[in-house]
There are 2 protein chains.
Amino acid sequence: MKKAAQGGKVKMSDIASALGVSAMTVSRAFRGDAGINAQTRARILSKAEELGYVFDSTASNLRQNRTGFVAVTVPSIENANFSATVRELSRGLLKRNIQILLANTEYDPEEEERLIAQLLRRNPEAIVLTGAQHTAKTRALLSKAPMPVIEIWDLPAKPIGHVVGFSNEASVRGLVDHMVKSGRRRLAFLGGETAHDPRGAQRRAGFVEAMAGHGLEATRLVPAGAAPVGMTEGASGLELMRTLFPDTDGLICVSDLVAFGALAQCHRLGVKVPEDLAIAGFGNYEIGRICEPPLTTIDVHAGLIGSRTADMVLGLLEGTPLAAPLRQVLQPDLILRRSTP
Amino acid sequence: MKKAAQGGKVKMSDIASALGVSAMTVSRAFRGDAGINAQTRARILSKAEELGYVFDSTASNLRQNRTGFVAVTVPSIENANFSATVRELSRGLLKRNIQILLANTEYDPEEEERLIAQLLRRNPEAIVLTGAQHTAKTRALLSKAPMPVIEIWDLPAKPIGHVVGFSNEASVRGLVDHMVKSGRRRLAFLGGETAHDPRGAQRRAGFVEAMAGHGLEATRLVPAGAAPVGMTEGASGLELMRTLFPDTDGLICVSDLVAFGALAQCHRLGVKVPEDLAIAGFGNYEIGRICEPPLTTIDVHAGLIGSRTADMVLGLLEGTPLAAPLRQVLQPDLILRRSTP
DNA sequence: CGGAAAATAGTTATCGATAACATATTGAGC
DNA sequence: GCTCAATATGTTATCGATAACTATTTTCCG
């Protein structure tokens, strides 16, 4: 409970004068510098402990012009896919004691702009953006920024800097191909119609494209509402689909959560999955593995995106300047389960 | 792509000399200080824009001894309950432009200790800990720390500082009472047996207590494995329960995710819910609302914990020192749905 | 044993914004 | 016109750690 500091805070020079050494030596002791006597170092660390010294990285950051954190924006941390990415990113960066400054854009580019302006003031060593949809001002800010910028979860046509992503369009193609191969022709897509969920929109576009590739018309496009869409929207979306396109025999959803909502609604309505309606999701969420029937889906390797991004950041921070920005393209996997025949 | 700064970075004194004013005036312009001429301020801001100036909060932080961020630890950011808390906490603090430094403890007190030591070096304005299980060293570190400490999601008997939480034990009692009232007597509890999930353990203890209150023995305690436990563990746990205690007529699970896993397994085994087995969860996750039948659960108001914590932090940062630490107790709600009769 | 390299420690100035104090200008009231 | 207060701006020192440099041992070799 005694929070108030009794005196001023303890600093390196206090330790130094207590031991009759210079502040510089104390600094060296703390950084595990090579050129310091092991015994001196031990004395310093033990005295520091005794005095309750806490290293002040604010001062260190200013002097070294290194802050030791990376700024990260995500549309929503509540999405299990994004949080898996953040987790692995965080874990990877922790190896070098780099911390994450996280900001939620709530799927709003304007909010992203505000947040990035704030984050830049803190001098992060790199900026990681989930998604590639930005305002013009954000792009301008970031292209002038002195630190590396990495866009993840997308393959932007005009990247700001580096990229770690995958093709949402191509991934959906795998689902369509699978459904068509098993004889389904009257396919619908649920979700992805809003401007503020570019990845959803890309999946939807991929659906349209893939259908065209099979000579089929992609007329069955069902809206699910504004991002973030979840199970609730999946359930209501399934109803809407049945009203608009009652003869649909295969449904691809913008995410597993939506697919599960649709599946649960099918149970309630007595629609048999996959017999009456095949359903596929996207993202390989845990629920797709557990529900009955389990969901065919696309594993986008959300965690891997995070760890690869961490590796890229660490490489960029150590390495020599690069001629061209990096672009790492990951390959999502099609996971076949019983919700499709 | 032109990342390399052409010259040195632009600082306040550059703007100052470009306009023939002092650096102090520039500083005042940026902070919206009262005592500055509106026209001068406009000139400064426009010149700053022109030069591409980015405010350096590192320097500001050092001088003012205010960093503008709050450190937060969570067991796992992938848990939708915790991420809801973080989201609302973040949203609340953003009003005052305070950012969050987030760290995942992975349910490991040792890891928490390491992370907190790191976080303290950054001089956060407050420290928010999810959970009340800490190592002795963590407690020592934090009780000496100069900034407010808030433990959330629990009601610790010996809090380090302030608290925003609820009683896990009492919440489970509501579930037990409901099941008993509807005639079930052979109740089981799934999960919460591990040392590293104190909230799970408290729920389990609450189950035992509540059963005793009804004169019933709580012998049906089924382990679910190490935290974090999810749907997968729910499914396997249900199997285990059916082996160990085949006559169970009501199952309370440590979370909705576990409950859903159990429910899905019941579907597969032909066990009717709630006729053959009543199931309840904990946490009011979205899935419990959507699955069939929807799950009876406890809404712990995860988001509210976050926003209340934000309010508390803001109050502590502005207000005068307090005589005693704050303790805010929230009341979870029992939500009755069809998975219990 | 002489001398060069290695090991260890100290000095001084600095990172960039800003608190605290000092100064200059304007205006109001009598 | 004069004083006092309000307004607007400038000066200097400082937050705490550390880069860059210098100074002093110690070690090791031919």
Side-chain angles (χ1 to χ4, degrees), chain A residues 5 7-45 47-48 51-68 97 118 120-125 146-147, chain B residues 5 7-45 47-48 51-68 97 118 120-125 146-147:
Chain A
K9 72 150 69 148
V10 183
K11 47 186 150 170
M12 282 192 177
S13 58
D14 297 328
I15 302 176
S17 53
L19 291 175
V21 300
S22 74
M24 196 63 229
T25 303
V26 177
S27 171
R28 285 195 260 253
F30 268 88
R31 297 173 338 129
D33 250 16
I36 187 177
N37 184 290
Q39 196 178 320
T40 311
R41 176 154 189 268
R43 277 170 59 223
I44 289 173
L45 294 185
K47 179 58 86 175
L51 298 180
Y53 171 72
V54 178
F55 183 90
D56 183 341
S57 65
T58 308
S60 173
N61 292 342
L62 175 61
R63 180 66 237 243
Q64 301 195 100
N65 200 28
R66 272 196 77 249
T67 53
N97 256 319
Q118 286 300 316
L120 276 174
R121 301 171 132 224
R122 293 200 181 270
N123 244 312
E125 314 219 6
M147 68 286 291
Chain B
K9 71 150 70 146
V10 182
K11 46 187 150 170
M12 281 192 178
S13 59
D14 296 329
I15 301 175
S17 53
L19 290 175
V21 299
S22 74
M24 196 63 230
T25 302
V26 177
S27 172
R28 283 194 260 254
F30 268 89
R31 297 173 339 130
D33 250 17
I36 187 177
N37 184 291
Q39 197 177 320
T40 311
R41 176 154 190 269
R43 275 171 60 222
I44 290 173
L45 295 185
K47 178 60 84 175
L51 298 180
Y53 171 72
V54 178
F55 183 91
D56 182 340
S57 66
T58 309
S60 173
N61 292 343
L62 174 60
R63 180 65 236 241
Q64 300 194 99
N65 199 27
R66 274 196 78 248
T67 53
N97 256 319
Q118 286 299 317
L120 275 175
R121 302 170 131 223
R122 293 202 181 268
N123 245 310
E125 315 220 5
M147 68 288 288

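As the structure is a prediction and not an experimental result, all values here were calculated from the model. Every chain is numbered from 1, with letters handed out A, B, ... down the list of sequences.
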Shorter than 3.5 Å, N or O on both sides, protein versus nucleotides 13-15 of chain D: list them out with atom names.
unit_1	atom_1	unit_2	atom_2	d
D:dT14	O2	B:Arg63	NH1	2.7
D:dC15	O2	B:Arg63	N	3.4

### Task
Please examine the side chains of B:Gln118 and A:Asn97, heavy atoms only from C-beta on, and report whether any two atoms are closer than 4.5 Å.
yes
### Query
Does B:Pro124 reach the side chain of B:Met147, with side-chain heavy atoms less than 4.5 Å apart?
yes
Can you name the atoms? Protein N/O to nucleotides 24-28 of chain D N/O, anything below 3.5 Å, with the distance.
none

### Query
In Å and rounded to the nearest 0.5 Å, what is the CG to CG distance from A:Asn65 to B:Asp56?
7.5 Å
### Query
Contact class for A:Phe30 vs. all strands (heavy atom < 4.0 Å): base, sugar-phosphate, or nothing?
nothing
### Task
Quickly work out the A:Arg122 CZ to C:dA17 C1' distance and round it to whole Å.
14 Å
### Message
Does a side-chain N or O of B:Tyr53 approach OP1 or OP2 of C:dA17 to a distance below 4.0 Å, or not?
### Response
yes
### Task
Looking only at side-chain atoms of A:Ala23, point me to the closest of D:dT18, D:dA17, C:dT18.
D:dT18
### Summary
Taken to the nearest whole Å, CG/B:Asn61 to C1'/C:dA19 is 15 Å
### Query
If you take all heavy atoms of B:Leu120 and A:Val54, which pair is closest and at what distance?
O-CG1, 4.0 Å
#### Entry: Integer-rounded Å distance: C:dA17 P and B:Ile44 CD1
13 Å
#### Entry: pair B:Asn61-B:Asn123: side-chain heavy atoms closer than 4.5 Å
no
### Task
Tell me what A:Met12 touches on the nucleic acid: a base, only sugar-phosphate, or nothing, going by heavy atoms under 4.0 Å.
sugar-phosphate
### Task
Can you see which heavy atom on B:Leu45 is nearest to which on B:Ala29, and at what distance?
CD2-O, 4.4 Å
Short N/O separations, protein against nucleotides 6-9 of chain D, under 3.5 angstrom:
unit_1	atom_1	unit_2	atom_2	d
D:dT9	OP1	B:Thr40	OG1	2.8
D:dT9	OP2	B:Asn37	N	3.0

#### Entry: Which atom of B:Thr58 lies closest to which atom of A:Leu62, heavy atoms considered
CG2-N, 3.5 Å
#### Entry: Minimal non-hydrogen separation, A:Ala16 against A:Ala23, with atom names
CB-N, 3.6 Å
### Query
For A:Arg28, which residues count as a side chain to side chain contact (heavy atoms under 4.5 Å, CB included) partner, sequence neighbours excluded?
A:Met24, A:Asp33, A:Ile36
### Message
I'd like to know if the side chain of A:Ser57 and the backbone of B:Arg121 have a donor-acceptor N/O pair within less than 3.5 Å.
### Response
yes
#### Entry: A:Arg121 vs C:dA17: side-chain N/O to OP1/OP2 distance below 4.0 Å
no
### Query
Is there a side-chain polar atom (N or O) of A:Ser60 under 4.0 Å from OP1 or OP2 of D:dA17?
no
### Query
Does atom CZ of A:Arg41 have more than 12 heavy-atom neighbours from other groups under 6.0 Å away?
yes
### Query
Do the side chain of B:Glu125 and the main chain of B:Thr67 share a donor and acceptor less than 3.5 angstrom apart?
yes
### Message
In whole Å, I'd like the distance from the CE atom of A:Met24 to the P atom of D:dT22.
### Response
15 Å
### Query
So what is the end-to-end bend of the helix from C:dC1-D:dG30 to C:dC30-D:dG1, with 5 pairs used at each end and the value given to 10 degrees?
30°
### Message
Can you list everything that forms a side chain to side chain contact (heavy atoms under 4.5 Å, CB included) with A:Lys11? Sequence neighbours excluded, please.
### Response
A:Ser13, A:Asp14
### Message
Parallel, tilted or perpendicular, judged at 30° and 60°: which one describes the rings of A:Phe30 and A:Tyr53?
### Response
perpendicular
